Trainee: 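Pasting a structure here, questions to come.
Not measured: the values here are computed from a predicted model. Order of appearance sets the numbers: ligands from 1, and atoms from 1 within every ligand.
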Amino acid sequence: MIEIRAIVTDIEGTTSSIDFVRDVLFPFARKRLPAFVETHGDHPDVQHWLHEAAREAGMIEAGRQEVVELLLQWIRQDRKSTALKALQGMIWKEGYESGAYRAHVYPEVAARLRAWRADGLRLYVYSSGSVPAQQLFFRYSEAGDLTPLFAGYFDTETGPKREVESYHRIAEAVGEEPRHLLFLSDIVEELDAARAAGFHTGWLVREPQPLPEPASHRVYRDFDAIEPAS
Ligand SMILES: CSCCC(=O)C(=O)COP(=O)(O)O
Ligand SMILES: [Mg+2]
């Protein structure tokens with residue numbers, strides 16, 4: 001008998017569309033990044049992450065303009081850099097708060113998260129987006145403020161999403177054995193890592209993507225199809 005006590009979900013491609021991230025969030029960050037660095041570049045948090053980005057790229061004594069160019073290139077490449085994600089989160093805050101956009105969530109997601117909470121399951125997020133960016137995402141979602149539903153958030157400061165050790169750390173932080181945890185994602189390498197750590201896994205393959213054949217994880221078209229107790 002499988003007893004799931006907590007669900008850990010990815011965001012992009014799982015609760016929410018890849019298009020929203022690619023066509024709304026990334027262009028907003030690209031457009032605002034140079035002015036953001038110009039205005040806030042002396043703030044200690046911003047300085048820290050600019051320095052971390054330069055360090056990650058092996059750029060010794062890089063000028064601010066060079067780091068901005070590097071970050072713009074990383075946005076184009078969708079690089080899952082912790083430093084880039086932290087800076088993007090700071091920039092997206094302005095867009096959410098000004099009402100420039102709301103975060104996309106698939107239509108069934110909010111109701112299904114509420115139903116799982118009502119069944120006593122604890123809910124967590126694990127995304128490459130920074131924890132502040134995740135919190136903004138769900139505070140300003142199209143379905144309203146969903147943050148009260150989540151017990152915690154994990155980003156790549158816990159570790160890369162394709163590494164087994166990251167899932168051990170999450171299980172430890174959640175305070176449950178991995179066999180009581182379900183991880184949901186659209187990326188098979190993330191699911192492989194979670195399973196290797198002992199998690200149950202659910203692979204979100206949303207319409208109109210073809211169903212994988214054969215599938216190496218349980219496949220779901222949407223959250224309504226997931227039955228954590230089964
Ligand atoms: C929640 S922040 C916006 C999404 C983002 O930048 C990202 O990298 C999401 O990746 P995920 O791990 O949720 O697939
Ligand atoms: Mg994803």
Side-chain angles (χ1 to χ4, degrees), residues 7-33 36 49 53 56 71-97 100-106 109-110 113 123-143 145-147 149-150 152-163 166-167 169-170 182-195 199 201-206 209 212 217 219-223 226:
I7 296 177
V8 182
T9 183
D10 166 61
I11 297 178
E12 184 185 347
T14 302
T15 62
S16 307
S17 78
I18 294 172
D19 291 354
F20 169 71
V21 176
R22 191 193 51 207
D23 299 339
V24 178
L25 289 182
F26 286 179
F28 190 89
R30 239 184 353 249
K31 195 166 164 203
R32 305 290 165 111
L33 180 76
F36 176 83
W49 289 118
E56 186 179 331
L71 291 165
L72 290 172
Q73 183 191 330
W74 283 358
I75 294 174
R76 281 193 293 275
Q77 296 168 343
D78 187 15
R79 184 175 169 117
K80 304 295 187 187
S81 152
T82 302
L84 169 66
K85 294 292 165 186
L87 292 162
Q88 280 179 323
M90 295 176 199
I91 297 169
W92 290 330
K93 185 170 191 281
E94 187 195 308
Y96 287 116
E97 290 178 347
Y101 44 73
R102 287 189 168 270
H104 174 266
V105 284
Y106 285 107
V109 165
L113 293 175
L123 306 177
Y124 296 86
V125 179
Y126 182 29
S127 167
S128 303
S130 68
V131 166
Q134 297 172 25
Q135 291 167 331
L136 285 165
F137 194 100
F138 287 113
R139 180 165 308 126
Y140 293 97
S141 93
E142 286 173 356
D145 182 3
L146 303 179
T147 56
L149 297 171
F150 293 106
Y153 302 83
F154 300 95
D155 62 18
T156 52
E157 293 209 73
T158 296
K161 293 180 75 184
R162 299 179 185 204
E163 285 186 9
S166 306
Y167 297 86
R169 289 193 197 107
I170 289 173
L182 171 62
F183 177 59
L184 304 175
S185 178
D186 60 321
I187 302 293
V188 78
E189 290 84 355
E190 297 175 3
L191 295 166
D192 290 345
R195 182 160 60 196
F199 282 53
T201 54
W203 186 0
L204 272 294
V205 182
R206 296 217 171 241
Q209 297 173 72
H217 295 267
V219 171
Y220 302 105
R221 278 299 196 196
D222 58 36
F223 275 27
I226 301 167

Trainee: For Glu190, is at least one N or O under 3.5 Å away from an N or O on ligand 1?
Mentor: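 No, Glu190 has no N/O under 3.5 Å of an N/O on ligand 1.
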
Trainee: Give a yes or no on whether the backbone of Leu204 and the side-chain of Arg221 come within a donor-acceptor separation of less than 3.5 Å.
Mentor: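 Side chain of Arg221 to backbone of Leu204, a donor-acceptor pair under 3.5 Å: no, none is there.
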
Trainee: Which residue holds the protein heavy atom closest to atom 1 (C) of ligand 1, what is that atom called, and what is the gap in Å?
Mentor: Ile11 CD1, 3.5 Å

Trainee: Which single N/O/S atom of Asp10 lies at minimum distance from the Mg ion (ligand 2)?
Mentor: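 Restricting Asp10 to its N, O and S atoms, the minimum distance to the Mg ion (ligand 2) goes to OD2.
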
Trainee: Which residue and non-hydrogen atom of the protein lie closest to atom 14 (O) of ligand 1, and at what distance in Å?
Mentor: Asp10 OD1, 2.9 Å

Trainee: Any atoms of ligand 1 less than 4.0 Å from a non-hydrogen atom of Ser128? List them with their elements.
Mentor: 8 (O), 10 (O), 11 (P), 12 (O)

Trainee: Between Thr9 and Thr14, does any side-chain donor sit less than 3.5 Å from a side-chain acceptor?
Mentor: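 Checked: Thr9/Thr14 side chains show no N/O donor-acceptor pair below 3.5 Å.
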
Trainee: Any atoms of ligand 1 less than 4.0 Å from a non-hydrogen atom of Lys161? List them with their elements.
Mentor: 11 (P), 12 (O), 14 (O)

Trainee: Are the side chain of Gln88 and the backbone of Phe26 linked by a donor-acceptor contact shorter than 3.5 Å?
Mentor: no

Trainee: Please list the nearest protein heavy atom to atom 13 (O) of ligand 1 with its residue and the distance rounded to 0.1 Å.
Mentor: Ser127 OG, 2.8 Å

Trainee: How about Phe20 and Phe137: do any of their side-chain heavy atoms sit closer than 4.5 Å?
Mentor: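 Phe20 vs Phe137: side chains touch.
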
Trainee: For Asp186, what is the atom name of its N, O or S atom nearest to the Mg ion (ligand 2)?
Mentor: OD1

Trainee: Do Arg195 and His217 have side-chain heavy atoms sitting under 4.5 Å apart?
Mentor: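 Counting from C-beta outward, Arg195 and His217 do come under 4.5 Å.
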
Trainee: Can you tell me how the ring of Tyr106 sits relative to the ring of His104, calling it parallel under 30°, perpendicular over 60° and tilted otherwise?
Mentor: perpendicular

Trainee: Quick check: closest heavy atoms across Ala53 and Trp74, and the distance to 0.1 Å?
Mentor: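 Closest pair (atom of Ala53, atom of Trp74, distance): O-CH2, 3.5 Å.
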
Trainee: Are any of the heavy atoms in Trp92 under 4.0 Å away from ligand 1?
Mentor: yes

Trainee: What protein heavy atom lies closest to atom 9 (C) of ligand 1? Include the residue and the distance to one decimal.
Mentor: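 Minimum-distance protein heavy atom for atom 9 (C) of ligand 1 reads Glu12 OE1, 3.1 Å.
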
Trainee: Is it the case that the ring center of Tyr96 lies less than 6.0 angstrom away from the ring center of Tyr101?
Mentor: yes

Trainee: Students should be able to answer this: which protein heavy-atom is nearest to atom 6 (O) of ligand 1, and at what distance?
Mentor: Lys85 NZ, 2.8 Å

Trainee: Does Thr156 offer a backbone N or O that forms a donor-acceptor pair with the side chain of Tyr126 under 3.5 Å?
Mentor: no

Trainee: Under a 4.0 angstrom heavy-atom cut-off, which atoms of ligand 1 come close to Gly129?
Mentor: 2 (S), 7 (C), 8 (O)

Trainee: Checking one value in my table: which N/O/S atom of Glu12 lies closest to the Mg ion (ligand 2)?
Mentor: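 Going through the N, O and S atoms of Glu12 one by one, O ends up nearest to the Mg ion (ligand 2).
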
